[in-house]
Structures are given as structure tokens and as C-alpha cells.
Amino acid sequence: MTFIVAIDGLAGSGKGVLAKGISNRFNFSYFDTGILYRGLAYLSLKKHGENFTEDNVINIAKSYNIDEIDQQKIRSSVVSKYASVIGSIPEVREILTKIQRQFKEKSTNDNGIVVDGRDIGTVIFPNADVKFFISASIDERAKRRLNDFSQRNEKISYNQVIKQLQKRDQRDKERSVAPLVAAKDAHLIDTTKINKEETLEIASSLIIQKLDG
Ligand code: DC
């Protein structure tokens, strides 16, 4: 049985950083499921521009290989926006759900896997061994995102980032299929006032309890 850590949470909450930290500390394989949605949004925009239809996206998703996409190109604010938009298409979620579950089936890592996204603990791996739901204040998340964008030389204001995050949160939480919600058995961690090392310590002790149990 593969040991699974599922991490869900808001955009910019620090779930990716936490997932990487867990992967390093416990030697688990890491899967960032956001790249699937981002990659598909990127290809849809590239092929059809911003007026792509749901059918356009579904067709691309059917013969989709994330390994062929340059990871640097999927981090822009426009791709972030459309990743969340296409995430509300039920057929897209169905196709990407299969890819996410295959990651576990194909994993040869005997230690375990850590997977982050929006519906990992609720839909993709509801039987995960440990689940986390990560949040942080909108102000803190905007500051982190602004920092990411400035490292990529993307010019965007603090207010624009706040607006984008609010819209994305709303879309992710309100979609009819697999909305962003904490699983009932998830450990809630608010990272507003704690740094990444402290977050990793909190999560690690809960994982160790489960591994030892
Ligand atoms: O985690 P991220 O910021 O890279 O995700 C980008 C968008 O992709 C997010 O706003 C919604 C969508 N997404 C999703 O719907 N389900 C996931 N498991 C991961 C991402």
C-alpha cells in the first residue's frame, strides 16, 4: 500500500512549498497537480486564444502529455486565471482525475507520495493517510504571489494580484464539480504567521505520528 499525503488549499497558501519540503524530508515522490490544469490552459490559449470553447479544451485534454510543456511558461498570471477557469469543466476534471490516480499506480517509491491541489483529499485520494488543508490571509498570499511574479519579471500591481486571487478562490470554491473544500479529516494549517520551516515541522510531526501508528 502506498502511503499518501494529500495537500489542498488556497492559491498562494504555501501548499506547494510544504509539499516539496515533505517530499525531501520523507523521500516521498511529489506530484503538483496544478501543473496539469496550468498546462492545459496554456495549450488552449496557445492554440485558440482567450476565446477557446469547452470543446476545444476537452479535445486537447484527450491527447495531453504534460511532459511536453515548458514548466516556465505555465506560471504567468494569465495561465493561472485560465487554469482555474478550465478546472470547472467536468469532462476536463474526469480526464485529469485519471492521470492523477495513475501517478499513484505507477509510483515505484516505497516510502510514499505527496500530492497537492484542490480536491486531492476529497476526490482524488479520499483514503489518503494524512490530509492537510492550507490557508493564509489574502494579504499574505498576495505578497507571496507578487514576489513570485517579480522573480519572473512579470509586472503586476498588488491590487491586481488581490483581485485575481479573489476571483480564483471564488471560482475554485464555487464550481459544481470537486469544489475546493477541506476534507472532514484534514488537518487545517494557517500559514499567515508561520514560516515554511515551522509549517513543515507541524506537518511532519503529524505524518510521523501516522507512520509510527
Ligand atoms: O495549484 P495551482 O495554483 O498551480 O493551480 C492552478 C489552478 O488549477 C487552480 O486555481 C485551480 C486548478 N486546479 C484544480 O482545479 N484542481 C487541482 N487539483 C489543481 C489545480
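For ligands, and for the atoms within them, numbers begin at 1 and follow the listed sequence.
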Item checked: Linked hydrophobic residues, Phe149 as query - side chain contacts closer than 4.5 Å ->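 Ile138, Leu146, Ile156, Tyr158, Val161, Ile162, Leu165, listed by chain and number.
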Item checked: Exercise: do Ser77 and Glu154 side chains pair donor with acceptor under 3.5 Å -> yes
Next item on the list: Apply side-chain contact (heavy atoms from CB on, under 4.5 Å) to Glu94 and list each qualifying residue two or more places apart in sequence or on a separate chain.
Entry: none
Side chains of residues 42-52: which donor-acceptor pairs under 3.5 Å do they make with residues two or more places apart or in other chains?
unit_1 : atom_1 : unit_2 : atom_2 : d
Ser44  : OG     : Leu40  : O      : 2.8
Glu50  : OE1    : Tyr82  : OH     : 2.5

Note to self: Would the distance check show the side chain of Arg141 and the main-chain N or O of Ala136 forming a donor-acceptor pair, the cut-off being under 3.5 Å?
What the structure shows: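 Yes; judged by distance alone, with no hydrogens or angles, the pair exists.
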Notebook entry, point to check: Can Ile22 be reached from Leu188 by stepping across I, L, V, M, F, W or Y side chains whose heavy atoms are under 4.5 Å apart?
Noted result: no
Check: Applying a heavy-atom distance cut-off of 4.0 Å, which protein residues contact ligand 1?
Finding: Lys15, Thr33, Gly34, Tyr37, Arg38, Ala83, Ser84, Arg93, Gly117, Arg118, Asp119, Arg168, Asp172, Arg175
